[in-house]
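Since the structure is predicted, the reported quantities are computational estimates derived from the model, not experimental observations. Numbering of ligands and ligand atoms starts at 1, following listing order.
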Amino acid sequence: MRVCVVGTGYVGLTTGASLAFLGHEVTCLDIDEAKVELLSAGRSPIYEPFLDDLLAEAAPNLRFTSHYDEAISAADVVFVAVQTPQRRDGGSDLRFLRSAAESIGEHLGDGFTVVVNKSTVPIGSGNWVDLILRESFERAHGRRVDGEFSVASNPEFLREGSAIHDTLYPDRIVIGSDNERGLEVLNRLYRPILDQSFTAPAFAPRPAETGAVPLVSTDLASAELIKYAANAFLALKISYVNEIGQLAERVGADILEVARGAGLDARIGRQFLQPGVGWGGSCFAKDTAALISTAAEYNQDMPIVRAARKVNQRQRDAVVERLQAELRILKGRKVGLLGLAFKPQTDDLRDAPAIDIARQLVERGARVKLHDPVAAERFRRQQPDLAEFLCESVEEVFDDSDAVVLVTEWNHYRELDWAKLFGLTRSPYLLDGRHALDRKRLTALGYRYLTLAG
Ligand code: NAD
């Protein structure tokens with residue numbers, strides 16, 4: 001089928017490349033011309049494991065453009081995967097979505113097209129996009145569009161760092177549509193994934209247990225709410241284990257044992273029950289805020305989601321408080337932060353805990369030393385006022401430091417020469433913000449090993 005993906009960020013690029021890999025004819029469209037140029041030259045603008053391999057394999061079916069007139073009119077399916085960031089008041093900023101929908105509407109062709117919201121959008125956005133498409137088409141063509149397109153919702157659940165795996169072997173595919181023909185088109189589009197009938201690429205082998213992928217075929221509003229319900233649940237699971245972690249510290253319990261013991265209950269599950277500095281990234285903060293904001297529009301409070309957000313912020317504050325409790329004075333201290341990306345295996349810095357922690361430390365007069373094996377260059381561009389604190393090497397971070405905090409658990413950090421690094425520090429404080437390191441070994445080497453929960 002002919003597919004256009006509007007927005008070639010983490011979601012759009014992975015979706016476009018995966019669909020092209022499966023044999024669809026895909027055009028990825030972005031208004032960022034520099035991105036399009038880079039992609040057309042065969043280079044990825046983001047770091048995502050195996051994305052380069054996927055782009056190379058999908059290349060015969062994949063092209064990139066910044067021109068709507070070339071991309072929309074011939075497409076059977078148009079995915080919208082533009083960003084939907086958080087507004088100051090917590091709601092979603094839908095300017096990018098509106099602009100994309102206007103451009104799509106203007107260029108809709110004569111054939112039947114399904115316009116699919118893959119961006120995470122507030123409940124009711126499907127109807128809103130439908131209206132924009134119609135108005136925009138009418139403005140451009142001087143006539144009404146009738147039955148030539150349908151709007152569907154197909155929320156995305158991929159995780160950065162394993163985006164390709166999650167796209168090819170998803171837990172489920174959710175499609176919301178009030179139009180039978182639109183549903184049928186998307187069913188056909190996703191058939192190879194639903195049936196798992198494609199040949200798996202060497203760099204993303206099919207897990208042994210993968211069977212047919214469940215399709216949740218529902219109405220627009222339900223599909224839109226599924227995405228928020230899922231993300232908010234994951235966010236609150238993390239906040240919950242962190243809240244229990246705070247109690248564990250007070251009562252002298254081991255939070256890792258507590259999380260394991262509770263998580264082995266199949267009704268609870270071990271995933272997202274890892275204590276630490278909490279969640280970050282482009283989704284959880286904005287999606288929980290948007291859920292609260294949508295509920296408020298309908299006069300509903302969301303106390304559980306609100307609490308999850310509060311606990312998450314408290315974990316970041318707790319890093320600084322913990323350091324202050326150990327070092328007493330933060331002014332003039334040198335504190336190293338290992339890891340800037342919001343999680344390992346991505347260069348995404350959106351709402352990264354490390355940025356918040358670094359800013360709090362700087363405000364309190366500490367000198368920060370920052371390191372990330374992948375995201376440093378992106379950090380330099382996006383946080384220019386903190387860029388001077390970037391270190392070239394881990395050795396530089398430890399050199400003469402008063403404390404070092406592991407913020408992002410890159411494997412690279414697990415494998416460091418901790419004995420050698422100990423010799424470079426001024427004092428032994430090591431705060432493992434992710435429970436990722438070997439407490440016994442580090443303590444034996446002389447570190448004062450700390451976590452947020454003990
Ligand atoms: P992103 O910021 O990485 O990419 C968005 C892209 O859209 C950018 O390249 C931008 O230039 C482009 N764009 C903006 N306006 C445009 C327009 N009018 N026409 C064409 N291109 C335009 O965003 P992302 O992380 O890929 O997220 C996209 C959506 O998917 C968001 O709603 C997000 O909440 C959701 N989502 C993201 C993830 C994730 O892990 N990143 C996971 C699930 C869902």
Side-chain angles (χ1 to χ4, degrees), residues 4-18 27-39 44-49 51 64-72 78-87 91-107 115-122 125 129 132-133 136 153-167 170-174 223-224 226-228 230-232 234-235 279-291 341-343 345-352 378 382:
C4 175
V5 181
V6 177
T8 58
Y10 291 87
V11 166
L13 190 53
T14 309
T15 303
S18 300
T27 303
C28 284
L29 187 158
D30 205 291
I31 45 169
D32 182 338
E33 290 182 8
K35 235 179 213 184
V36 170
E37 211 168 292
L38 208 61
L39 283 161
S44 168
I46 54 169
Y47 174 83
E48 176 62 41
L51 185 57
F64 300 94
T65 182
S66 47
H67 301 293
Y68 274 89
D69 50 352
E70 289 174 18
I72 302 295
V78 178
F79 281 101
V80 183
V82 300
Q83 66 270 52
T84 46
Q86 189 179 325
R87 285 192 320 242
S92 293
D93 179 350
L94 298 177
R95 279 175 300 171
F96 301 94
L97 179 65
R98 170 191 279 279
S99 159
E102 282 173 353
S103 308
I104 295 166
E106 207 175 304
H107 293 97
V115 178
V116 189
N117 268 339
K118 202 170 236 324
S119 297
T120 305
V121 290
S125 298
V129 165
I132 296 172
L133 291 170
S136 172
S153 163
N154 172 219
E156 180 55 63
F157 301 99
L158 66 75
R159 297 160 298 178
E160 287 172 22
S162 55
I164 292 165
H165 176 278
D166 296 348
T167 304
D171 290 338
R172 78 303 209 183
I173 289 179
V174 174
E224 290 166 346
I226 285 170
K227 175 64 190 171
Y228 285 105
N231 262 10
L234 294 173
W279 37 266
S282 69
C283 292
F284 285 180
K286 86 171 169 65
D287 293 352
T288 49
L291 188 56
F342 85 92
K343 66 172 183 179
Q345 302 291 22
T346 183
D347 59 352
D348 199 342
L349 292 157
R350 289 177 282 186
D351 192 36
R378 189 175 284 269
Q382 293 183 357

Give me the nearest non-hydrogen protein atom to atom 18 (N) of ligand 1 as residue plus atom name, then the distance to 0.1 Å.
Ser99 OG, 3.4 Å

Among all protein heavy atoms in this structure, tell me which lies nearest to atom 23 (O) of ligand 1, with the distance rounded to 0.1 Å.
Arg350 NH1, 3.7 Å

Keeping Ser136 on the side-chain end and Leu133 on the backbone end, is there a donor-acceptor pair under 3.5 Å?
no

As an exercise, state the distance from OG1 of Thr14 to CD of Glu48, rounded to the nearest 0.5 Å.
5.5 Å

Contact between Asn231 and Trp279 at the side-chain level, heavy atoms closer than 4.5 Å - yes or no?
no

CD of Glu37: more than 12 outside heavy atoms within 6.0 angstrom?
no

For residues Ile164 and Pro49, report the shortest heavy-atom separation together with the two atoms involved.
CD1-O, 3.4 Å

Heavy-atom distance to atom 28 (C) of ligand 1: which of Val82, Ile31, Ile46, Leu29 wins?
Val82

Option whose closest heavy atom lies nearest to atom 33 (C) of ligand 1, chosen from Gln83, Lys35, Lys286:
Lys286

Nearest to atom 35 (C) of ligand 1, what protein heavy atom do you find, and at what distance?
Thr120 OG1, 3.5 Å

Side chain, backbone, both or neither: the part of Tyr68 lying under 4.0 Å from ligand 1 by heavy atom:
side chain

Checking Lys343 side chain against Glu160 main chain: does a donor-acceptor pair fall under 3.5 Å?
yes

Can you name the atoms of ligand 1, numbered from 1 with element, that are less than 4.0 Å from a heavy atom of Leu158?
40 (O), 42 (C)

Tell me the protein heavy atom at minimum distance from atom 4 (O) of ligand 1, and give that distance in Å.
Gly9 CA, 3.2 Å

Report, in ascending order of atom number, the atoms of ligand 1 lying under 4.0 Å from any heavy atom of Phe96.
14 (C), 15 (N), 18 (N)

Counting only heavy atoms, which portion of Ser282 has something under 4.0 Å from ligand 1: side chain, backbone, both, or neither?
side chain

List every atom of ligand 1 that sits less than 4.0 Å from any heavy atom of Gly7, numbering the atoms from 1 in the order shown and giving each element.
6 (C), 7 (O), 12 (C), 21 (N)

Short N or O distance, Tyr10 and ligand 1, threshold 3.5 Å exclusive
yes

By side-chain hydrogen bond (donor to acceptor under 3.5 Å, both in side chains) - contacts of Ser153 (at least two apart):
none

Heavy-atom nearest neighbour in the protein, as seen from atom 12 (C) of ligand 1, with distance rounded to 0.1 Å:
Asp30 OD2, 3.3 Å

Numbered in order shown, the ligand 1 atoms found under 4.0 Å of a heavy atom of Ala100 are 18 (N)

I want to check something: taking the side chain as every heavy atom from C-beta on, are Val78 and Tyr68 in contact at a cut-off of under 4.5 Å?
no

Consider every N or O of Asp287 and every N or O of ligand 1, then say whether any pair is closer than 3.5 Å.
no

Near Glu156, which atoms of ligand 1 are under 4.0 Å from a heavy atom of that residue?
43 (C), 44 (C)

Under 4.0 Å, heavy atoms only, figure out whether ligand 1 is touched by the backbone of Ala163, its side chain, both or neither.
neither

Within a reach of under 6.0 Å around CZ of Arg95, are more than 12 heavy atoms found that belong to other residues, nucleotides or ligands?
no

Compute the shortest N/O to N/O distance between Val11 and ligand 1 and return yes if it is under 3.5 Å, no if not.
yes

With heavy atoms under 4.0 Å as the rule, classify the contact between Lys227 and ligand 1 as side chain, backbone, both or neither.
side chain

What distance separates Ser103 OG from Ile31 CD1, expressed to the nearest 0.5 Å?
8.0 Å

Close-contact set for ligand 1 against Val6 heavy atoms, below 4.0 Å:
19 (N), 20 (C)

May I ask you to identify the nearest protein heavy atom to atom 32 (O) of ligand 1, giving residue, atom name and distance to one decimal place in Å?
Thr84 OG1, 2.6 Å

When Asp347, Thr346, Asp348 are each screened for side-chain hydrogen bond (donor to acceptor under 3.5 Å, both in side chains) with Arg378, the one that passes is Asp347

If I apply the N/O under 3.5 Å rule, does Glu160 come out as touching ligand 1?
yes

Spell out, as yes or no, whether a donor-acceptor pair under 3.5 Å connects the side chain of Asp30 to the backbone of Ser66.
no

Distance, nearest 0.5 Å, that separates CG of Asn117 from CD of Glu156:
13.0 Å

